[in-house]
Amino acid sequence: MTRDEFVNPQDLAIVEKFEKAVAYLYPIFQRCPRSHSVLRDRLIGLLFDQVGFLYQAAKSKQASKLYAADANLATLRFWLRFASDPKLKFLSHHQHKVALRHIAETGSMLGQWIKSAKGNGRSGS
């Protein structure tokens, strides 16, 4: 992966971690039934938006961007939980569990980043 010279490589490790979630979920979303196209598009949008939120946080060094990234992750978790309802036949219980594991790893890294930003008075180190 090519590095951005204006961003701390530690800040981008979270993007690499989230990329695993995208690589897992995107093909699943693409195969969802046509009747769920609105939900599929929303979930894909949240995935792609998350990458943007993470880059914005890394480049801006603003704590508010970290909170926006955290809020987007929470929104993604909500819609994944909704999509895993057995009546919808969108995500299986196993797929939901695996997806949440990937997102939890990203969320944990983001939580540490936020904690460090609070301690330093800024979002980057």
Taking C-beta and beyond as the side chain, do [X] and [Y] meet within less than 4.5 Å on heavy atoms?
X	Y	result
Phe48	Val22	yes
Gln112	Met109	no
Leu73	Phe53	no

Rounded to the nearest 0.5 Å, how far does [atom2] of [Y] lie from [atom1] of [X]?
X	Y	atom1	atom2	answer
Lys59	Leu12	NZ	CG	8.0 Å
Leu66	Leu110	CG	CG	6.0 Å
Tyr26	Ile28	OH	CD1	13.0 Å
Tyr24	Leu47	OH	CG	12.5 Å

key: Pair listing, side-chain hydrogen bond (donor to acceptor under 3.5 Å, both in side chains) test, anchored in residues 95-110, at least two apart   = Ser92-Gln95
message = Show every side-chain hydrogen bond (donor to acceptor under 3.5 Å, both in side chains) that has at least one partner inside residues 66-79, sequence neighbours left out.
response = Gln50-Asn72
Using a 3.5 Å cut-off and no angle test, enumerate the donor-acceptor pairs between side-chain atoms of residues 29-46 and protein atoms at least two apart in sequence or in another chain.
| unit_1 | atom_1 | unit_2 | atom_2 | d |
| --- | --- | --- | --- | --- |
| Arg31 | NH1 | Pro27 | O | 3.4 |
| His36 | NE2 | Leu88 | O | 2.9 |

ask   = Closest approach of Ala99 and Leu25, non-hydrogen atoms and distance?
value = CB-CD2, 3.5 Å
request  = For Lys65 and Ala57, work out which heavy atoms get closest and say how close.
outcome  = CB-CA, 3.5 Å
